[in-house]
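Values in this document were obtained by computation on a predicted structure and should not be read as measured data.
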Amino acid sequence: MTPEKRNKDGDWGHWALIIFLFAIGVWPVALFLLFSKLFGTGSGRKKAAPAASVRPGMEQARPQGHAVGGRAEAAARNLTRPPVVKQSNARTMKVIGLIAMGIGFLSAWDPAGMVFGGYGGYLWDLLQYLAIAAGGLGLFLGGLSMDAALRRYARYSAVLGETEAVSLKDLCQKLGWSKRRVEKDLEKMIDRGYFGPQAYLDQSQGCFFRSARAEEAHRRQKEAEDPARQPPKEAEEGYSGILRSIRRANERIADPVLSEKIDRLEDVTARIFRAVEADPKKQGRIDTFMNYYLPTTQKLLDSYAEFDAAGVEGENLRQAKLRIEQTMDSIVAGFEHQLDELYKTDVLDVDSDIRVMETMLRRDTASVERDFGLGGPEKGTSPSGQSRDVDLGGTAAQTQEE
């Protein structure tokens, strides 16, 4: 027996019991059951996800021996499709309620007169007929409540559409209602079977699911979107992204000579980026390089790769490829010049430092030699054959006859 059939039979049995209790005069119990059914908050059996062992959607959506899809998928969709909610049910309830109120009040007229006339024995009859009228009033109010619920259900259906799973937060934002109201509405509609026999509200996840199969698909989607479960994605922006674009274009180009030049181009570009990262002050010197030369070169490389992939050796394509090949030497030279220019200031600083150091060394070395005689004596021979020692200051220190 299908869940819809069981629910329907259960409803008929409930109504039959209420009518029977009214008929035999056990109206207090009948009224309690009637108002509990009309305005009760529900059993709460679908506020949490069903256990894995009792999730029929999983097994019925994937019968053994059949692939997912085709008849199995159609059967699963039919199983989880919500029943048609009829406006006539609310209208019928209101009509029956009005009839019951009329019968109750008319039947209570005579017992009421007897009770007020001093015949207390008719009190139980009066209360029984008033209970029938109260039950009719409850049915009428229940019909009005069903009308309001159907209008809200129409709004929920419009927002949900074909969605099998939705978070309560998103649903509240789209409807403009509070979370408490949305939860209460969904619990009532689920208990009444508006969304089908397998729908439930998972409080732990804060989500509404039409079936266990929908929850499984929702879980897989969340896992796929979880950055912690995904492999790190290579950045397509910044310096690494530019180098990666050059490498991808090179991988699509079959010409080995041109590919070697592109390898050199990538290497020089990487050196430029490393120089800028090491000294951010150099960033301003590569504006033209970044804004014109690199994008234009990338465009040329991508165009060459597309021409290669075209598989046609027409004159126009051949000439275009030849022009790019001939220009590549100039492009590589230009990139190398850009790298050299980045170090121009550094070279000037080094040259300046060397000059200052050489000047200081000459000055300091001369001073030490003069003050301490570290340069050694200069020896010369006089015209008379005498040997003479002279210090660094030019003053004769000692003359010795051989």
Side-chain angles (χ1 to χ4, degrees), residues 221-310 316-365:
Q221 181 181 359
K222 285 293 186 184
E223 290 178 355
E225 294 175 353
D226 187 3
R229 295 178 176 266
Q230 294 179 345
K233 187 177 180 180
E234 293 182 331
E236 293 298 329
E237 298 180 355
Y239 297 152
S240 60
I242 295 173
L243 295 174
R244 196 169 297 113
S245 298
I246 297 175
R247 191 176 309 118
R248 278 199 294 260
N250 193 10
E251 291 172 353
R252 297 166 58 195
I253 294 174
D255 185 90
V257 177
L258 181 60
S259 181
E260 185 178 353
K261 295 177 182 178
I262 298 174
D263 287 337
R264 175 58 181 168
L265 189 75
E266 181 185 348
D267 180 64
V268 174
T269 304
R271 292 173 183 269
I272 292 174
F273 291 158
R274 286 198 294 269
V276 173
E277 288 176 343
D279 186 2
K281 294 179 181 179
K282 296 177 180 178
Q283 178 69 47
R285 304 181 204 169
I286 62 169
D287 288 342
T288 304
F289 175 77
M290 293 292 296
N291 298 327
Y292 177 73
Y293 289 111
L294 260 181
T296 305
T297 302
Q298 185 67 55
K299 182 179 179 181
L300 293 176
L301 296 178
D302 291 338
S303 298
Y304 192 99
E306 291 176 6
F307 297 158
D308 254 0
N316 292 329
L317 290 180
R318 190 182 66 81
Q319 289 291 337
K321 291 170 63 176
L322 182 60
R323 289 290 306 276
I324 295 175
E325 292 170 2
Q326 293 173 345
T327 309
M328 191 54 58
D329 289 329
S330 300
I331 294 175
V332 173
F335 278 41
E336 291 174 344
H337 177 72
Q338 175 67 69
L339 177 61
D340 185 67
E341 285 293 313
L342 282 180
Y343 291 100
K344 183 177 181 179
T345 303
D346 297 338
V347 172
L348 293 176
D349 291 342
V350 169
D351 183 69
S352 177
D353 291 340
I354 291 175
R355 291 177 181 275
V356 172
M357 181 174 289
E358 288 178 342
T359 301
M360 294 182 66
L361 286 172
R362 284 195 299 268
R363 184 196 64 188
D364 293 341
T365 302

Taking all heavy atoms of [X] and all of [Y], pick out the closest pair and write down the distance.
X	Y	result
K261	V332	O-CG2, 3.8 Å
M290	L294	SD-CD1, 3.7 Å
A249	A305	O-CB, 4.2 Å
F307	A320	CE1-CB, 3.7 Å

Below 4.5 Å, heavy atoms only, C-beta onward: do [X] and [Y] meet side chain to side chain?
X	Y	value
V268	R264	yes
R252	L301	no
I246	T297	no
R244	R247	yes
L300	I331	yes

Exercise for the section: Would you mind checking if K344 and D340 are paired as a salt bridge, meaning a charged N to carboxylate O distance below 4.0 Å? Expected result: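 Salt bridge absent between D340 and K344.
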Handout entry: OH (Y293) with more than 12 external heavy atoms under 6.0 Å
Key =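 No, OH of Y293 has 12 or fewer neighbouring heavy atoms, counting only those of other groups under 6.0 Å.
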Exercise for the section: Report, as yes or no, whether the 6.0 Å neighbourhood of atom CZ on R323 holds more than 12 heavy atoms from other residues, nucleotides or ligands. Expected result: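 Count not over threshold, so no.
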Practice task
Check for a donor-acceptor pair, side chain of S259 on one end and backbone N or O of D255 on the other, with a separation under 3.5 Å.
Solution key: no
Problem - Pairwise distance CZ(F335) to OG1(T269) - rounded to 0.5 angstrom - result: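 It is 5.0 Å, given to the nearest 0.5 Å.
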Handout entry: CD1 on I272 to CD on E341, rounded to 0.5 Å
Key = 11.0 Å
Exercise for the section: For side chain to side chain contact (heavy atoms under 4.5 Å, CB included), just list the numbers for Q326 and L322, CA-CA rounded to whole Å, side-chain angles, deciding distance to a tenth of an Å, and then say yes or no. Expected result: CA-CA 6 Å; Q326 293 173 345; L322 182 60; 3.6 Å; yes
Exercise for the section: For T296, check side-chain contact (heavy atoms from CB on, under 4.5 Å) against everything at least two apart and list the hits. Expected result: Y292
Donor-acceptor contacts under 3.5 Å from residues 275-283 side chains, at least two apart:
{"from": "D279", "atom 1": "OD1", "to": "K281", "atom 2": "N", "distance (Å)": "3.3"}
{"from": "K282", "atom 1": "NZ", "to": "D346", "atom 2": "OD2", "distance (Å)": "2.9"}
{"from": "Q283", "atom 1": "OE1", "to": "Y239", "atom 2": "OH", "distance (Å)": "2.9"}

